[in-house]
Structure formats: structure tokens, C-alpha cells
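This report concerns only the one structure given below.
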There are 2 protein chains.
Amino acid sequence: MDNLIKILQSRNIHPSYQRLKILEILEKNKDHMNVNMIFEELLKEIPTISKTTVYSTLSTFAAKGLVHCLTITPEEMKYDYRAKPHHHFLCTRCGAIIDIDVQCPYADTMEIDGHSIEDIQGYFKGTCRECLTHNKTQTLK
Amino acid sequence: MDNLIKILQSRNIHPSYQRLKILEILEKNKDHMNVNMIFEELLKEIPTISKTTVYSTLSTFAAKGLVHCLTITPEEMKYDYRAKPHHHFLCTRCGAIIDIDVQCPYADTMEIDGHSIEDIQGYFKGTCRECLTHNKTQTLK
DNA sequence: TTTCAATTTTGTATTAAATATTATTTTATA
DNA sequence: TATAAAATAATATTTAATACAAAATTGAAA
């Protein structure tokens with residue numbers, strides 16, 4: 001917990017109880033959580049938590065570079081906590097989002113065609129290894 | 001127009017008047033249109049057009065690989081008609097979406113970590129060249 | 001051509017993520 | 001302790017997208 005406080009303070013985010021709990025949940029689950037997943041987890045420990053707080057906290061975390069916002073699916077935003085930059089694979093059969101450990105060549109200079117890069121996101125979509133081997137038939141929209 | 005009919009037929013899409021008009025709009029404007037932009041354009045020629053038709057048509061086009069669905073911003077889906085694969089840069093100051101003509105190395109094999117790739121999307125986010133030189137201050141959320 | 005089924009389009013209602021707004025609570029500080 | 005600022009909570013609103021049902025159109029067979 002002391003560690004979490006330091007993480008927030010290092011980013012100039014006031015370590016409130018709610019923010020610490022949200023960070024704890026992100027630490028534990030790492031990746032691809034959406035607001036509802038985080039909200040449901042929070043309810044177990046803070047029954048009075050408001051969804052607005054979750055939205056505003058994640059917005060703060062994103063602004064301070066603590067989380068990455070994933071738009072890999074159009075339905076809702078997903079939040080990525082992992083430190084190391086990576087890409088994502090979305091399986092259109094089972095819906096799984098899988099971390100892909102490759103780095104973009106432009107991550108070195110953070111510049112492309114004269115544009116200054118602050119964030120890089122690589123999305124692969126298709127059929128995951130698991131679904132390929134199990135030859136599953138059901139396909140998401 | 002005859003050309004558009006052939007494009008649809010080659011993908012096994014029945015060339016209805018509405019579909020042809022939507023394809024025509026995509027041809028003309030090429031990239032990054034959202035449903036509302038297409039809908040507004042359509043209204044000029046088909047005053048009775050329904051937004052449901054736009055959604056269903058774009059969904060059909062996407063399923064047949066005629067358009068690419070962009071989730072670069074979380075607000076709404078954008079549709080990409082350009083044939084050649086490319087990435088996108090989103091300027092967080094002016095909101096512009098700029099085509100980036102680089103190709104992903106995994107586009108050759110369309111395979112990564114044993115997962116079968118059907119679609120690749122690379123999103124760069126930051127400050128575009130234009131905004132950098134004009135030193136604009138306003139920043140989008 | 002007529003009939004009938006399948007497809008497409010339209011209109012309406014609904015869902016749900018995200019934001020806006022305001023009130024309440026908590027925290028920091030003078 | 002008093003007061004202002006920050007954070008949280010509760011409610012209302014917005015809007016992209018979907019669901020559903022009705023109407024219109026199309027295509028094929030008789």
C-alpha cells in the first residue's frame with residue numbers, strides 16, 4: 001500500500017483512498033479492464049463508490065500517464081496498466097485481448113513525418129492461437 | 001457508377017441505390033468518415049434515408065472487407081475506404097486524423113505469436129506537424 | 001405478368017458508455 | 001477553528017449503436 005502511495009505521489013496525484021483502491025485493482029488485474037469491471041471490484045470494498053469517481057480517476061491516471069487508454073473495441077474504453085509498451089491482439093471469435101510483446105520502430109524517436117508522438121497503439125485483429133487449435137466456430141459480430 | 005456496381009458485385013453485395021450512394025460518398029471523401037458525416041451527405045440526395053440503413057450498410061461493407069473500421073477515437077466509429085494499408089496519426093490538439101504511409105512488418109505473414117491476423121491498425125497519438133509549427137495552445141481533452 | 005419469399009430499407013424504441021452538473025464530503029492551510 | 005480547494009457522490013443528460021418491427025423493394029418461379 002505504501003508502494004501505491006509513492007506511485008501516485010511521483011505523478012503528482014493525491015493518494016486518496018478511492019484512487020489507491022483503483023490503482024490496487026489495476027495492479028492486480030493489470031490489463032484491459034473497463035470501467036464496469038473496476039467499478040464492480042470496488043463495490044466489494046467501497047460500497048458507496050460512485051461510477052463518476054471511477055471515470056474521473058481513470059481520466060486523471062491517463063492524463064498523468066499512469067494508464068493507457070485502449071480503443072481496440074468500439075463499445076467501451078479499456079485501461080492498460082502495464083509499464084512496458086506493447087501491442088494488442090483482439091480475437092474476433094472469443095473476444096480475448098492478448099498482449100503482444102513487440103515494439104514499434106518509431107518508439108525510439110517518438111516522431112513520424114514531423115508529427116510528435118506521445119502514444120503508440122498497435123491493434124491486431126483476427127483469430128487467436130487458442131481458437132485456431134480448438135477450431136471454435138462461434139464468431140463475434 | 002457502373003464502376004461502383006462492379007465493386008459491390010465483386011464482393012457479393014447487392015448494389016442497391018442506397019449502397020451505391022454510400023460507396024460513392026466513401027470514394028469521394030476517402031477516409032475517416034463517421035456515420036453522421038455519411039448520413040448528412042446522403043440526406044442531400046436521398047431525403048428519406050434512414051440512419052439504420054447507414055449503420056447496416058457500413059456493417060455489411062466492413063464484413064466484406066470493403067471498408068476498415070477505425071476506433072482511433074472512443075466517441076464513434078470511423079470508416080476508412082482507402083485500399084492501401086496504412087496507419088493513422090491523431091492530433092490531440094486539433095483533432096486531425098492523418099494517414100501514415102508505413103506498413104506493419106507482420107502484414108507479410110499475417111501471423112503473430114501463432115495468432116492469425118485479419119486486420120492491422122496502428123494508431124499514433126500526439127501533436128501533428130501543423131500544430132507544432134503554429135505552436136497552437138488549445139489541447140483536446 | 002402474377003405471386004410469393006427473401007432481401008433491403010425505414011421508423012421507432014431501447015441500451016449503455018460517457019459526460020455534465022450540482023451537491024456533499026473530505027482535505028489542506030491560514 | 002474557519003475557510004477555500006479538492007475530491008467524491010448522486011442525478012440528469014447526451015448520444016453512438018443496437019434491437020425490433022413494419023413497410024417497401026427485389027428476384028425468381030409458376
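In the text below, chain A, chain B and the rest are named by the order of the sequence lines, each starting its count at 1.
At whole-Å resolution of the value, OH in A:Tyr17 and P in C:dT27 are 12 Å apart. Rounded to an integer number of Å, the gap from B:Phe39 CZ to D:dA16 P is 12 Å. As a whole-Å value, the separation of A:Tyr55 OH from D:dT8 C1' is 16 Å. B:Ile46 has its CD1 atom 16 Å from the P atom of C:dT8, to the nearest Å. In this structure, NZ of A:Lys51 is placed 10 Å from P of C:dA16, rounded to the nearest angstrom. In this entry the distance linking CE of A:Met77 with C1' of D:dA16 reads 14 Å, nearest Å. To the nearest angstrom, P of D:dT15 lies 20 Å from CD of A:Glu76. Between B:Arg19 atom CZ and C:dT7 atom P the separation is 11 Å, expressed in whole Å.
When heavy atoms are screened at a 4.0 angstrom cut-off, A:Thr48 is found touching the sugar-phosphate backbone but no base atom. In this structure, B:Asn34 reaches neither bases nor backbone, as no heavy-atom distance under 4.0 Å exists between it and the strands shown.
Screening A:His86, A:His68, A:His88 for a ring pair (Phe, Tyr, Trp, His ring centres under 6.0 Å) with A:His32, the sole residue that qualifies is A:His88.
Rounding to the nearest 0.5 Å places CD1 of B:Ile97 at 9.5 Å from CG of B:Asp31. The distance from the CZ atom of A:Phe39 to the NZ atom of A:Lys44 is 13.0 Å, given to the nearest 0.5 Å. Rounding to the nearest 0.5 Å places NE2 of B:His115 at 9.0 Å from SG of A:Cys91.
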ask   = For B:Asp113 and A:Arg129, what are the C-alpha separation, side-chain angles and deciding distance, and is it a salt bridge (Lys or Arg N to Asp or Glu O under 4.0 Å)?
value = CA-CA 8 Å; B:Asp113 292 358; A:Arg129 199 170 47 203; 5.8 Å; no
message = What verdict does the side chain to side chain donor-acceptor pair (under 3.5 Å) test give for A:Glu111 and A:Tyr106, after you've listed the backbone C-alpha separation in whole Å, the side-chain angles of each residue and the deciding distance to 0.1 Å?
response = CA-CA 6 Å; A:Glu111 185 273 337; A:Tyr106 296 89; over 6 Å; no
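A donor-acceptor pair under 3.5 Å links the side-chain atoms of A:Lys125 to the main chain of A:Ile72, judged by distance alone.
Scanning atom types as modelled, one donor and one acceptor separated by under 3.5 angstrom connect the side chain of A:Thr52 and the base of D:dA10.
For the OP1/OP2 pair of C:dA6 and a distance below 4.0 Å, the side-chain nitrogens and oxygens of B:His14 include no atom meeting the criterion. OP1 or OP2 of C:dT26 has not a single side-chain nitrogen or oxygen of A:Gln18 nearer than 4.0 Å. In this structure, A:Ser16 reaches the D:dT8 phosphate: one of its side-chain N or O atoms is under 4.0 Å from OP1 or OP2.
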key: Structure string for DNA chain C in dot-bracket form, Watson-Crick and G-U at under 3.5 Å, | interchain   = ||||||||||||||||||||||||||||||
